[in-house]
2 protein chains.
Amino acid sequence: MSMHDRILEAAEARLRSDGYGAVSFRDLANDVGVKSASVHYHFPRKEDLGVAVVAAYTDKVFAALDLAMHATTPQDRLAGYIGVFRHALVQENAICLCAMLGAEARGLPAPVADAVRVFFQANIDWLDEALADAADKPKSPEIIAALEGAMLLANTMDSIAMFEDVASGLLSRVE
Amino acid sequence: MSMHDRILEAAEARLRSDGYGAVSFRDLANDVGVKSASVHYHFPRKEDLGVAVVAAYTDKVFAALDLAMHATTPQDRLAGYIGVFRHALVQENAICLCAMLGAEARGLPAPVADAVRVFFQANIDWLDEALADAADKPKSPEIIAALEGAMLLANTMDSIAMFEDVASGLLSRVE
DNA sequence: GTTTGTTTACCTATCAGTAGGTAGACATGC
DNA sequence: GCATGTCTACCTACTGATAGGTAAACAAAC
């Protein structure tokens with residue numbers, strides 16, 4: 001993998017666990033084995049790095065969601081959607097990047113905050129389409145809020161069960 | 001108000017908008033009109049301040065919830081619970097302190113993270129009691145996750161409507 | 001195929017600014 | 001006189017960012 005991509009990967013991990021303000025160029029440089037000036041070579045300013053990480057994260061999530069959109073029933077598509085978040089929480093052992101950055105939204109450089117809003121709006125659009133032909137269903141922001149909150153709560157309380165409570169509650173409300 | 005309490009109040013506001021890592025003794029000192037050394041006099045280390053803010057916030061929230069517990073129906077009690085969060089979001093124009101700190105949980109000093117967990121567990125216990133005699137209802141972690149996520153989403157997207165979508169979705173599921 | 005110029009990807013060194021934190025002087029009030 | 005609260009002055013560590021240099025890769029010209 002290129003140094004550029006290795007930095008992106010290390011930055012995503014640190015952003016998701018520590019938040020924007022707590023990530024430093026030096027820590028990232030240590031993570032990938034270069035000096036901090038070299039990180040600046042690839043991402044001149046911190047906000048350049050922030051925007052790039054959110055964009056790459058958005059691409060990664062929607063690549064997974066594109067597969068989930070092919071399921072035949074609305075409930076299966078919602079199950080696929082939930083699965084993407086569950087994977088982020090359980091396999092990657094961290095909350096959603098945009099939950100972390102959303103919390104910090106007011107203190108983020110504008111281009112980074114904008115990228116986070118793009119992520120959430122794309123999620124709303126995806127859910128609107130995926131559940132278009134479901135009879136009775138929660139609104140898309142309800143679903144996103146429930147899952148982002150569930151990740152946050154499960155992470156804080158160290159309890160995957162709390163995430164699963166939310167997941168099954170959502171699934172029971174569709175179709 | 002005492003300087004001690006003025007610092008607590010300023011710290012709560014800054015913690016809720018910027019997060020633990022982004023709050024500095026200098027900023028707080030400026031907020032209340034003293035020097036940073038004087039803030040250290042009242043709260044020797046940053047984690048002392050963090051714990052004190054979370055404890056004061058927890059007291060404040062549960063003082064409001066104690067009133068809501070007196071409502072006669074489970075649905076009214078849930079409406080009261082939601083009202084406390086709505087007030088925090090709309091009147092105080094910030095997300096819940098413990099949503100912010102929960103996101104950062106992994107990077108917090110242990111005593112601060114513990115105080116956040118105490119807050120959430122107390123919320124679970126309150127809801128369990130308030131909705132004990134409701135026939136069909138979401139689990140307590142579902143309700144908390146939905147509301148914390150709703151604050152986060154509404155804050156990021158600058159849309160109170162998204163919070164209200166979640167609030168009415170929750171209310172429709174009780175009794 | 002060797003010289004020449006350019007680019008890529010790093011480095012060391014340093015900057016001004018800010019972080020949390022401390023020591024000790026000074027004022028106020030009991 | 002002593003406790004309380006605030007101050008000035010300072011420390012070390014770290015922040016994002018920049019300047020300037022270098023080794024290797026690559027391309028073009030001859």
Side-chain angles (χ1 to χ4, degrees), chain A residues 1-54 56 100-101 104-116, chain B residues 1-54 56 100-101 103-115:
Chain A
M1 196 177 359
S2 70
M3 183 55 68
H4 182 97
D5 289 352
R6 288 171 60 200
I7 293 169
L8 276 183
E9 200 172 79
E12 187 202 306
R14 282 202 180 263
L15 284 173
R16 286 173 67 180
S17 105
D18 303 333
Y20 186 84
V23 170
S24 80
F25 278 73
R26 279 167 184 75
D27 288 342
L28 290 176
N30 272 338
D31 288 345
V32 301
V34 296
K35 298 299 173 181
S36 74
S38 303
V39 181
H40 278 285
Y41 170 78
H42 292 284
F43 304 95
R45 289 163 308 161
K46 195 177 181 182
E47 69 176 63
D48 299 327
L49 176 60
V51 168
V53 170
V54 175
M100 176 62 87
L101 297 184
E104 297 182 286
R106 291 207 146 67
L108 293 179
V112 181
D114 287 344
V116 173
Chain B
M1 198 177 357
S2 71
M3 183 55 68
H4 182 97
D5 289 352
R6 288 173 60 201
I7 293 169
L8 276 182
E9 199 172 81
E12 186 201 306
R14 280 202 181 265
L15 284 173
R16 287 173 66 180
S17 105
D18 303 333
Y20 186 84
V23 170
S24 79
F25 279 73
R26 282 170 181 74
D27 289 341
L28 290 175
N30 272 337
D31 289 345
V32 300
V34 295
K35 300 297 173 182
S36 74
S38 302
V39 181
H40 278 286
Y41 170 79
H42 293 282
F43 304 96
R45 288 163 309 161
K46 195 178 181 181
E47 70 177 62
D48 299 326
L49 177 60
V51 168
V53 171
V54 176
M100 175 62 87
L101 297 183
E104 296 181 287
R106 290 205 145 70
L108 294 178
V112 181
D114 287 344

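Residue numbers begin at 1 in each chain, while the letters A, B, ... track the order of the sequences. For clarity, every value in this text was computed on a predicted model and none was experimentally measured.
The OH atom of B:Tyr20 sits 12 Å away from the C1' atom of C:dA19 (whole-angstrom rounding). If you measure from atom CG of A:Asp27 to atom P of D:dT15, you get 6 Å, rounded to the nearest angstrom. B:Asp48 has its CG atom 10 Å from the P atom of C:dT22, to the nearest Å. In this structure, A:Leu28 places its CG atom 13 Å from C1' of D:dT15, rounding to the nearest Å. The NE2-P distance, from A:His42 to D:dG16, rounds to 17 Å in whole Å. Residue A:Phe43 contributes atom CZ, which lies 16 Å from atom P of D:dT18 at whole-angstrom precision. Between the CZ atom of A:Arg26 and the P atom of C:dC10 there is a distance of 18 Å, rounded to whole Å. Rounding to whole angstrom units, CD1 of residue A:Ile7 and C1' of C:dC10 are separated by 11 Å.
B:Ser24 has no side-chain polar atom (N or O) that falls below the 4.0 Å cut-off from OP1 or OP2 of C:dT18. Close to D:dG5, at under 4.0 Å from its OP1 or OP2, lies no side-chain N or O of B:Ser38. For A:His4 and C:dT8, the shortest distance from a side-chain N or O to OP1 or OP2 is not below 4.0 Å.
Residue-level contact check: B:Val32 touches neither bases nor backbone, having no heavy atom under 4.0 Å from any strand. As judged by a 4.0 angstrom heavy-atom cut-off over every strand, B:Val39 is placed among residues making no nucleic acid contact.
B:Ile7 places a side-chain heavy atom less than 4.5 Å from the side chain of B:Leu49. B:Met3 is listed as a side-chain neighbour of B:Val32, based on a closest heavy-atom distance under 4.5 Å. When side chains are defined from C-beta on, B:Arg14 counts as touching B:Leu28, because their heavy atoms get closer than 4.5 Å.
Each of D:dT6, C:dG20, C:dT22 was ranked by its minimum atom distance to the side chain of B:Ala37; first place goes to C:dT22. Counting only heavy atoms from C-beta on, B:His40 has its side chain closest to C:dG20 among C:dC10, D:dT18, C:dG20. Checked against C:dC10, C:dG21, D:dT6, the side chain of B:Phe25 finds its nearest nucleotide in C:dG21.
Ring geometry for B:His4 versus B:His42: interplanar angle over 60°, hence perpendicular rather than tilted (30 to 60°).
Both A:Tyr41 and A:Lys35 sit near DNA chain C, but only A:Tyr41 has its closest nucleotide nearer the 5' end.
Nearest heavy atom pair, residue B:Glu47 against residue B:Val112, reads O-CG2, 3.7 Å.
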